[in-house]
Amino acid sequence: MTGQVRRRPPGTENVHLKTGEVEVPAAEALILNEARTPVFPLDEERPVGEELRLTYRYLDLRRPSMQRNFRIRHQTYQVVRAFFDQHGFIEVETPALTRSTPEGARDYLVPARLYPGHFFALPQSPQLFKQLLMVAGLDRYFQIVKCFRDEDVRADRQAEFTQIDVEMSFVDREDVLVLMEELVATIFHKVKGVELNRPFPRLKYDEAVARYGLDKPDTRFEMFLGDLGDLCARTTFRPFGDALASGGQVKGIKVQGKAEAFSRKKVDDLTEFVKGFGAKGLTPFRMTAEGLQSPVAKFLGPEALEGIVRRFELGAGDLLLAIGDSRAVVAESLGRLRGKLGFELGLVDETLIHPVWVTDFPLLEYSEEEKRHVAVHHPFTAPMDEDVSLFESAPEKMRAKAYDLVINGHEVGGGSIRNHDRETQQKVFDALGFSPEQARERFGFLLEALEFGTPPHGGIAFGFDRLVMLLTGADSIREVIAFPKTQRAQCLMTGAPAPVDPVQLKELGLRLHVS
RNA sequence: GGGGCCGUGGUGUAGCCCGGUUAACACGCCGGCCUGUCAAGCCGGAGAUCGCGGGUUCAAGUCCCGUCGGCCCCGCCA
């Protein structure tokens, strides 16, 4: 359209339109293309089913909130790249077609035409490549990179997702945390105009689990788990007694002022909730004018009850919800309960951004399924120096030089200082139950590289989509990914994945056995 | 692999729990009026057989079973 912009005549202005005070009389108008009526409204007035949105994603993306999300995503890319550039990092691309690694998530595989029966894997992360870049002397590396994990999807997880991947040489944990804190603060400042309190608080893994029940606590509200195991030491209440006798715990959380409001029914509902995380029950203690009341009061005795009142500083009307079980179940179920109650009771101020570093993770944990130790972070993570002596005696007690950045209960980033000497790396592989042959077969190139004067190094990777999710306030990662997949990892728009032509299979030397 | 919620005109919902005449409402769409239109108003209209399959019943959108799909969660995610 061409024409002269002019003021609308008095009385014809439209206050509903941003441009309602002016108009352009058309001197010339040309239709470039015609448009069908959109299959759903694009003006934000109304929610639209996600299935439809994903099928017509190109229309969905026209909507103002989507346009806004992708502007924010774009700004975030720019801020990240500028930050790393200014701090002497260089961006290096690593292969998308690489080797399948035995540890970790399920790989997406790509058949290799020239080597029938052999496969590439899409990277779960550029972990090994970035370490090798440190060996290569590219001391400060970063990359905004796609990663692929063939695991089931969640609201904050997609089969393919984007990481800000970082690695640095000649650093210790402190160097990484301080600089990455600056990165995150810069992102929130420049993209969202939010000043984050620094330094970010730090929590050791053990503390996080003890106080919040989870290793990714939402620290926006105060509500902590407390231990009442010692107070129940002589209880005849079997669930508590059995838990303690077998090395478990009895812990609880105080729910302020809810002794009355949380009815029997409500507690039953919460019990069902914690059962989902392995707890067998949930025991309420209600603080009334007549003292602490509980179905299990008679199994505890007045002394224990008094101890509980004091320990949890229970005032009239307060409720305490307790669970006795294995340490893992107690932590997980109370931690999840804490999160649920925080939201339901309106304790969470959703405008807050509360980052926290979680450090001192265990290096290894025993996998019942695999009957061996597996890496909590990944097999290249360095143990704490003072724990190295535990390799033979108590490997599960070793702590790692690993750290996570948690924001509002989301694990936004994670990293570690790596093993830069071959001996320690070999010991980790040993502890993981790899035979020397297996280690050489799978990671020979890494072990060999470590023989060429590898500098101490470490790094971190941030979930870019999760960060943008926080920056936009979206409640699903799909809102900040242009063409996301469904929960069943399909693309409703293109119909991927789809069968391929038999000719293609033949070229690849593949035959299907679909059941 | 498992648990839960949802699936009704183009869109979003109501109806389903307590089966029963032409499946309701809003927006959108089409036509007309209004000739300063727009995110205004008035009048009229088209459009769903209720995801799919089976069952129960005289009768099912409504009950039961199965199945497909979307979402949330557990498992899984070094």
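Protein chains get the first letters and strands the later ones, always in sequence-line order, with residue 1 at the start of each.
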Tell me if a side-chain donor or acceptor on A:R336 pairs with a main-chain N or O of A:V274 at a distance below 3.5 Å.
no
For a quick check under 3.5 Å, do A:D165 and A:Y141 share a side-chain donor-acceptor pair by atom type?
yes
Inter-nucleotide C1' distance (B:rG19, B:rU57), Å rounded:
9 Å
Euclidean distance for C1', B:rC63 against B:rA26 (whole angstrom)
30 Å
List in numerical order all residues of residues 47-60 of chain A for which some heavy atom is under 4.0 Å away from an atom belonging to RNA chain B.
A:P47, A:V48, A:G49, A:E50, A:E51, A:L52
Between the base of B:rC77 and the side chain of A:R149, is one N or O donor paired with an acceptor at under 3.5 angstrom?
no
With no hydrogens and no angle check, just 3.5 Å: does a side-chain donor-acceptor pair link A:T101 and A:R99?
no
If you look at every strand shown and take non-hydrogen atoms under 4.0 Å, does A:V374 touch a base, only sugar-phosphate, or nothing?
nothing
What's A:F277 touching, base or sugar-phosphate or nothing? Going by heavy atoms closer than 4.0 Å.
sugar-phosphate
Considering only atom C1', compute the distance from B:rU21 to B:rC68 and round it to an integer number of Å.
33 Å
Enumerate all atom pairs, one protein N or O and one N or O from nucleotides 25-27 of chain B, separated by less than 3.5 Å.
{"from": "B:rC27", "atom 1": "O4'", "to": "A:R46", "atom 2": "NH2", "distance (Å)": "3.3"}
{"from": "B:rC27", "atom 1": "O2'", "to": "A:R46", "atom 2": "NH2", "distance (Å)": "3.0"}

Which residue lies more 5' along RNA chain B, comparing A:R336 with A:V39 via nearest heavy atoms:
A:V39
If I take atom CD in residue A:E13 and atom C1' in nucleotide B:rA39, what distance separates them, rounded to the nearest angstrom?
16 Å
Which pairs pass ring-ring contact (aromatic ring centres under 6.0 Å, His included) with one or both residues in residues 406-442 of chain A, sequence neighbours excluded?
A:F429-A:F434, A:F429-A:F443
When the P atoms of B:rC29 and B:rU67 are compared, how many Å lie between them, rounded to an integer?
41 Å
Taking the side chain as every heavy atom from C-beta outward, state whether A:D107 and A:D150 have any atom pair closer than 4.5 Å.
no
Mind checking the C1' distance from B:rG1 to B:rU11? Whole angstroms is fine.
36 Å
Where along residues 470-490 of chain A does a heavy atom fall under 4.0 Å from RNA chain B?
A:R478, A:T486, A:Q487, A:R488, A:Q490
Is there a donor-acceptor pair under 3.5 Å between the side chain of A:N408 and the backbone N or O of A:L352?
yes
Looking just at side-chain N and O atoms, do A:E103 and A:H378 make a donor-acceptor pair shorter than 3.5 Å?
no
Write down the partner of B:rG7 under the Watson-Crick or G-U wobble criteria, each distance required to be under 3.5 Å.
B:rC68
Within the sub-3.5 Å range, which N or O atoms of nucleotides 30-36 of chain B have a protein N or O partner, and how far apart are they?
{"from": "B:rG36", "atom 1": "N2", "to": "A:E23", "atom 2": "OE1", "distance (Å)": "2.1"}
{"from": "B:rG36", "atom 1": "N2", "to": "A:E23", "atom 2": "OE2", "distance (Å)": "3.2"}

Between A:R338 (side chain only) and A:M223 (backbone N and O only), is there a donor and an acceptor less than 3.5 Å apart?
yes
Starting at atom CZ of A:F40, determine the distance to atom P of B:rU11, rounded to an integer number of angstrom.
10 Å
B:rA24 to B:rG9 separation - P atoms, rounded to the nearest Å
13 Å
Given the options A:E160, A:Q158, A:Q490, A:K485 meets side chain to side chain donor-acceptor pair (under 3.5 Å) only with A:E160
Over all strands shown, is A:T101 touching base, sugar-phosphate only, or nothing at heavy-atom distances under 4.0 angstrom?
nothing
Side-chain donor/acceptor of A:D218 to backbone N/O of A:R220, under 3.5 Å
yes
Please measure how far the C1' atom in B:rG61 lies from the corresponding atom in B:rA48, and state the result in whole Å.
11 Å
B:rG31 and B:rA46, which share atom name P, separated by this distance in whole Å:
15 Å
Would you mind classifying the nucleic acid contact of A:V153 as base, sugar-phosphate or nothing, using non-hydrogen atoms under 4.0 angstrom?
nothing
How would you list, by chain and number, every residue that makes a ring pair (Phe, Tyr, Trp, His ring centres under 6.0 Å) with A:Y108, sequence neighbours excluded?
none
Looking only at side chains, do A:D421 and A:T424 share a donor and an acceptor under 3.5 Å apart?
yes
Taking every heavy atom of A:L405 against every heavy atom of A:F462, the minimum-distance pair comes out as CD2-CE2, 3.8 Å
Do the ring planes of A:Y58 and A:Y56 sit parallel (below 30°), tilted (30 to 60°) or perpendicular (above 60°)?
perpendicular
With a 3.5 Å cut-off and no angle check, do the side chains of A:Q143 and A:T94 form a donor-acceptor pair?
yes
Could you state the CZ-C1' distance from A:R36 to B:rU11, rounded to the nearest angstrom?
14 Å
